[in-house]
Amino acid sequence: MAERYDFTAIEKKWQKIWEEQNCFAAEEDTKKPKFYGLVEFPYPSGAGMHVGHIKAYTSLEVISRKRRMQGYNVLFPMGFDSFGLPAENYAIKTNTHPHVITTKNIEHFKEQMKRVGYSFDWSREIATSLPEYYRWTQWIFLKLFDHGLVFRAKTQVNYCPHCKVVLSNEDSQGGRCDVCHSEVIQLPKDVWYLKITAYADKLLNGLDDVDYPDSIKQQEIDWIGKSTGAFVDFAIKDVPEKLEIYTTRCDTLFGVTFMVMAPEHPMLDRYRDRIKNWDEVEAYRATCAKKTEFERTQLVKEKTGVKLDGFTAINPVSGKEIPIFLADYVMMGYGTGAIMAVPAHDQRDWEFAKKFGADIVPVIEGGDIEKEAYTGNGRMINSDFLNAYDNKKDSIAAMLAFLSEKGIGHKGVQYKMKDWAFNRQRYWGEPIPLIHCQKCGTVGVPYEELPLTLPDVENFEPGTDGQSPLARIESFVNCTCPKCGGAAKRETDTMPQWAGSSWYYLRFIDPNNTERFCDPEKMRYWMPVDWYNGGMEHVTRHLLYSRFWHHFLYDIGEVNTPEPYAKRTYQGLILGPDGDKMSKSKGNVVDPIEVIERFGADTLRTYVMFMGDYMAATPWSEQSANGCKRFLDRVWRLMDMVRGEDDTDREQRSAIHACIKKVTDDIEHMKFNTAIAAMMSLVNDFYAKGSVTKDELRTLLLLLNPFAPHMTEEMNEQLGFSEQLHHAAWPVYDESALIAASVEYGVQVNGKVRARISMPADADKAAVEEAAKASADVAPYLAGKTVRKVIVVKNIVNIVVG
RNA sequence: GCGAUUGUGGUGGAACGGCAUACACAACAGACUUAAAAUCUGUCGGCGAAAGCUUGCGGGUUCAAAUCCCGCCAAUCGCACCA
């Protein structure tokens, strides 16, 4: 009866039914418990879906399908993060409008996703590049602006010469551009910043209240990089201005024998007349400017620097005059761009002092400063102020008290995280809704004028002057100031890739609202996102940014939870068949659609869930994928093995309920591989037996449905069940059924397994112990020995003899 | 340099401190085939003559360690002169 499993026809049939019956739309106004499952929406690239997308989406797809069967009202949406550089670069190359390309790519992605059989609620689809969406991205930006979290500053910024854009710190991790991977250079530039550092503590503390793996939390903590220390002012000889430094070891202040300023430090320019070797300074600055960030950090083996002639500092506690150097091991971007150097207790300062001949004065007991700096803690020595302060307990606290009393310094906090450089000099992004007015300064576009739509341009090429293509459109640039009505000019830069994705999970809750970004009533029901799965590479980018925006929206009363995501997980990479990271250049990329054509969507889904530990990187194996196809074929053929009578014996029943428990629990812990293994074992049991009852088979189909929904629905229908699986009740195991008739014990003597015995399930410990001792296999090991102890636990008996 | 993660058969991988190698892949054999494929049924870690030894290596804790602790080694990822 059950012929060949024709996956192509079956998958098409059920995908059509799901679409027509709108099976997976989240319900409104329900009394049901909710589950909001979210996967990172993709950037719709021209290449279409990657197997990595499949692994990322299938986990929550399985969980969402299971939740629906468990009676939850499930929101499992999908949309597109459709602004971004690749579309724009492609547009430049082919002279097609990015909007046209993006629309086409979205259609392509959607069609591919539907072929995988995902149960997304397509009625809520969004795209960040549509005006009705980015209207609210701009709205949130204006709120940030109104609350003083948008500011403009001229500093050294990351710049990608290839993409011709300013990048944020997060966009240039490892010194490479996030989009094109070319090397990022440092340039002084005037840019818009979002004050994410104002939320550093909230982003840090919020981690206590969410369920993220430690690896994710740790990466965010490290990226934020909070440190506590002190700011200290150093007087400069014969100059009114003071040089401020930041230190985490103010207790070593008496050991400061010189100071170092970053080459770009702006104070230098103010006193160039005083610096006698200015030529040398300029030459050194020029060498440093030529180095890339990479060279400055990765390749330095030897310290370089220039001693300033005629520009010296005074150690504020000892009163001694000390030299000031310029050296590129001090960064302008951290602290104040200047340091107090304590060569006795800081390895970098030690190396510098050795090379440039500065004094090394120990002020903390311990270590051998002849060999290297001693960076540990200890009693303070050679420090005059000690009499008045008890330095035994906490030398840092003692020094801080001293500093603030004398007005020299104060406690301070620093973060490695920098403010978010937010404007991009490119076309395909949200226009920044700001207006520059000669009279009023920078003014926000009035909220009622949103969306500020992206105008059409002829030429998407960024300007050679570092300006966005929008700057060439006079009708866009020229406007009137909303405040004074005078002539004004629009900001012509656009927002970065990460803007639209910083709040998209809120829009899915209420995607068509034209009054607000999201209805508060609906948010109260759906938020927070219960489970968010995505890539590890977004932890210090998108995840951090969206948590920042959400905390802000919470602070201004626009959302009802401080954190957007209650739980976050990540998927491990799928490597190429050769074990290397998949890349076009290596030619080891696996196309999921080809896999669907050869093996079917159910096999693809089952294999990506079976291939290994979900969070670990695993190489793709076509043979293993074929093994999953074989498993599904075996399940299909079970239809030929259905026997008439409905009897299930105790062993069989026990095996089925053990499988229900295993699959139910393992899915919750993302142990999809062992869940599938359990179902494979059950199928092997059925084969060994040679037959299966209809009910037994249906239970298996229910468990397998989230993984292989098409085939199981088809089998369910062919078996004559009228109720479709996707909304049938998830099987519940019966604790009492788990108990098998007999239990196998391993019998150990001094921890080594010597025998196996089978005992009735209700046998007590004494009986098990007796049977173990009586076993013929253990007898030789007990002969002539005294039994000192017998341990009976679970299914192990350990006889300790001596 | 700092931090995190991971080291288990030919391969992907299983194992609340409790019978190491579940489940699959590959390989081998048998059945069915004229034959192949598919399918079904078996066998299947290594070393050792054996007792035994064997979860990267060396110690420790425990009746019992792949699992916990300490010290190495290797790999992967993240950060990186962060003062």
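Chain identifiers are assigned alphabetically (A, B, ...) following the order of the sequence lines, protein sequences preceding nucleic acid strands; residue numbering begins at 1 within each chain. The figures here come from the full heavy-atom set of this structure, side chains too, leaving out hydrogens, waters and symmetry mates.
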Could you tell me how far apart [X] ([atom1]) and [N] ([atom2]) are, to the nearest whole angstrom?
X: Asp328(A); N: rA83(B); atom1: CG; atom2: P; value: 18 Å
X: Asp580(A); N: rC77(B); atom1: CG; atom2: P; value: 11 Å
X: Glu537(A); N: rC79(B); atom1: CD; atom2: P; value: 12 Å
X: Phe258(A); N: rA83(B); atom1: CZ; atom2: P; value: 16 Å
X: Ile245(A); N: rA83(B); atom1: CD1; atom2: P; value: 12 Å
X: Arg598(A); N: rA38(B); atom1: CZ; atom2: P; value: 12 Å
X: Leu700(A); N: rC23(B); atom1: CG; atom2: P; value: 16 Å
X: Leu253(A); N: rA83(B); atom1: CG; atom2: C1'; value: 13 Å

Report yes or no: do [X] and [Y] form a side-chain donor-acceptor pair below 3.5 Å?
X: Glu170(A); Y: Trp223(A); answer: yes
X: Tyr374(A); Y: Asp346(A); answer: no
X: His538(A); Y: Glu40(A); answer: yes
X: Ser172(A); Y: Asn158(A); answer: yes

[atom1] gap between [N] and [M], integer Å:
N: rC44(B); M: rG10(B); atom1: C1'; answer: 11 Å
N: rU11(B); M: rG46(B); atom1: C1'; answer: 16 Å
N: rA20(B); M: rU33(B); atom1: C1'; answer: 41 Å
N: rC53(B); M: rA66(B); atom1: P; answer: 12 Å
N: rG56(B); M: rU6(B); atom1: C1'; answer: 11 Å
N: rA50(B); M: rC2(B); atom1: P; answer: 48 Å
N: rC32(B); M: rA37(B); atom1: P; answer: 15 Å
N: rG45(B); M: rU21(B); atom1: P; answer: 10 Å

- Message: One character per nucleotide, please: for nucleotides 39-48 of chain B, 5' to 3', B when the base has a protein heavy atom closer than 4.0 Å, S when only the sugar-phosphate does, - otherwise.
- Response: SSS-------
- Could you run through nucleotides 1-14 of chain B and give me one letter per nucleotide, 5' to 3': B if any protein heavy atom sits under 4.0 Å from the base, S if only the sugar-phosphate is that close, - if neither? --S--------BSS
I'd like to know if [X] and [Y] make a salt bridge, using a cut-off of under 4.0 Å between side-chain N and carboxylate O.
X: Lys226(A); Y: Asp201(A); value: yes
X: Glu769(A); Y: Lys773(A); value: yes
X: Arg541(A); Y: Asp171(A); value: no
X: Glu264(A); Y: Arg285(A); value: no
X: Arg598(A); Y: Glu622(A); value: yes

- Task: Indicate the ring-plane relationship of Phe231(A) and Tyr246(A), choosing parallel, tilted or perpendicular according to the 30° and 60° boundaries.
- Result: tilted
- Message: Check for me whether Lys303(A) meets the cation-pi criterion with Tyr329(A), that is, NZ or CZ under 6.0 Å from the six-membered ring centre and within 45 degrees of the ring axis.
- Response: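 Ring-cation test returns yes.
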- Task: Establish, for the pair Arg568(A) and Tyr212(A), whether the NZ or CZ atom is under 6.0 angstrom from the six-membered ring centre and no further than 45 degrees off its axis.
- Result: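 Not flagged: Arg568(A) not positioned over aromatic ring of Tyr212(A).
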- Item | Qualifying salt bridge (charged side-chain N to carboxylate O under 4.0 Å, His left out) pairs, either residue in residues 212-221 of chain A, two or more places apart |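 Qualifying pairs: Glu220(A)-Arg547(A).
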- Item | Qualifying salt bridge (charged side-chain N to carboxylate O under 4.0 Å, His left out) pairs, either residue in residues 674-685 of chain A, two or more places apart |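 Qualifying pairs: none.
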- Task: Measure from the side chain of Thr247(A), starting at C-beta and using heavy atoms only, and say which of rC79(B), rA83(B), rC23(B) lies closest.
- Result: rA83(B)
- Item | Those residues of residues 336-344 of chain A lying under 4.0 Å from RNA chain B by at least one heavy atom |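 When residues 336-344 of chain A is checked for heavy atoms under 4.0 Å from RNA chain B, the hits, listed by number, are Ile339(A).
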- Message: If the glycosidic angle sits within 90 degrees of zero it is syn, else anti. Tell me which applies to rG9(B).
- Response: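 Classified syn.
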With sequence neighbours left out, what residues match [X] under ring-ring contact (aromatic ring centres under 6.0 Å, His included)?
X: Phe325(A); value: Phe258(A), Phe352(A), Phe356(A)
X: His657(A); value: none
X: Tyr570(A); value: none

- Task: Please check if the distance between the ring centroids of Trp420(A) and Tyr545(A) is under 6.0 Å.
- Result: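 They qualify: ring centres under 6.0 Å apart.
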Check: protein-nucleotides 61-67 of chain B nitrogen or oxygen pairs below 3.5 Å:
{"unit_1": "rC63(B)", "atom_1": "O2'", "unit_2": "Asn798(A)", "atom_2": "ND2", "d": "3.1"}
{"unit_1": "rC63(B)", "atom_1": "O2", "unit_2": "Asn798(A)", "atom_2": "ND2", "d": "2.7"}

- Walking RNA chain B from its 5' end, the first of Tyr334(A) and Ala678(A) to be reached, judged by nearest nucleotide, is Ala678(A)
- Between Gln623(A) and Val793(A), just flag the one whose closest nucleotide in RNA chain B comes earlier from the 5' side. Val793(A)
Please list each protein N or O that sits under 3.5 Å from an N or O in nucleotides 51-55 of chain B, with the distance.
{"unit_1": "rG52(B)", "atom_1": "OP1", "unit_2": "Arg754(A)", "atom_2": "NH1", "d": "3.2"}
{"unit_1": "rG52(B)", "atom_1": "OP1", "unit_2": "Tyr781(A)", "atom_2": "OH", "d": "3.2"}

- Item | side-chain N/O Tyr246(A) vs rA83(B) OP1/OP2, d < 4.0 Å | no
- Task: Treating a pair as Watson-Crick (purine N1 to pyrimidine N3 plus N6-O4 or O6-N4) or G-U wobble (N1-O2 and O6-N3) with both distances under 3.5 Å, list the stems of 3 or more consecutive pairs that involve RNA chain B.
- Result: B:1-7 with B:73-79, B:10-12 with B:23-25, B:27-31 with B:39-43, B:45-47 with B:52-54, B:56-60 with B:68-72
- Message: Under 4.0 Å, heavy atoms only, any strand: does Glu744(A) hit a base, just the sugar-phosphate, or nothing?
- Response: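 Touches a base.
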- Message: Using a 4.0 Å heavy-atom cut-off, does Gly225(A) contact any base of the nucleic acid, only the sugar-phosphate backbone, or nothing at all?
- Response: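 Answer is nothing: Gly225(A) stays at 4.0 Å or more from every strand.
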- Query: Pairs in or reaching into residues 603-613 of chain A: which pass side chain to side chain donor-acceptor pair (under 3.5 Å), with residues at least two apart or in two chains?
  - Reply: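 Passing the test, one end in residues 603-613 of chain A: Glu61(A)-Arg605(A).
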- Query: Do Lys303(A) side-chain and rC81(B) base share a donor-acceptor contact under 3.5 Å?
  - Reply: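 Flag set: donor-acceptor pair detected.
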- Message: Could you tell me if the side chain of Phe254(A) sits less than 4.5 Å from the side chain of Val342(A), heavy atoms only?
- Response: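 They are not in side-chain contact.
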- Decide yes or no on side-chain contact (heavy atoms from CB on, under 4.5 Å) for Leu400(A) and Cys250(A), but give the supporting numbers first. CA-CA 7 Å; Leu400(A) 267 174; Cys250(A) 64; 4.0 Å; yes
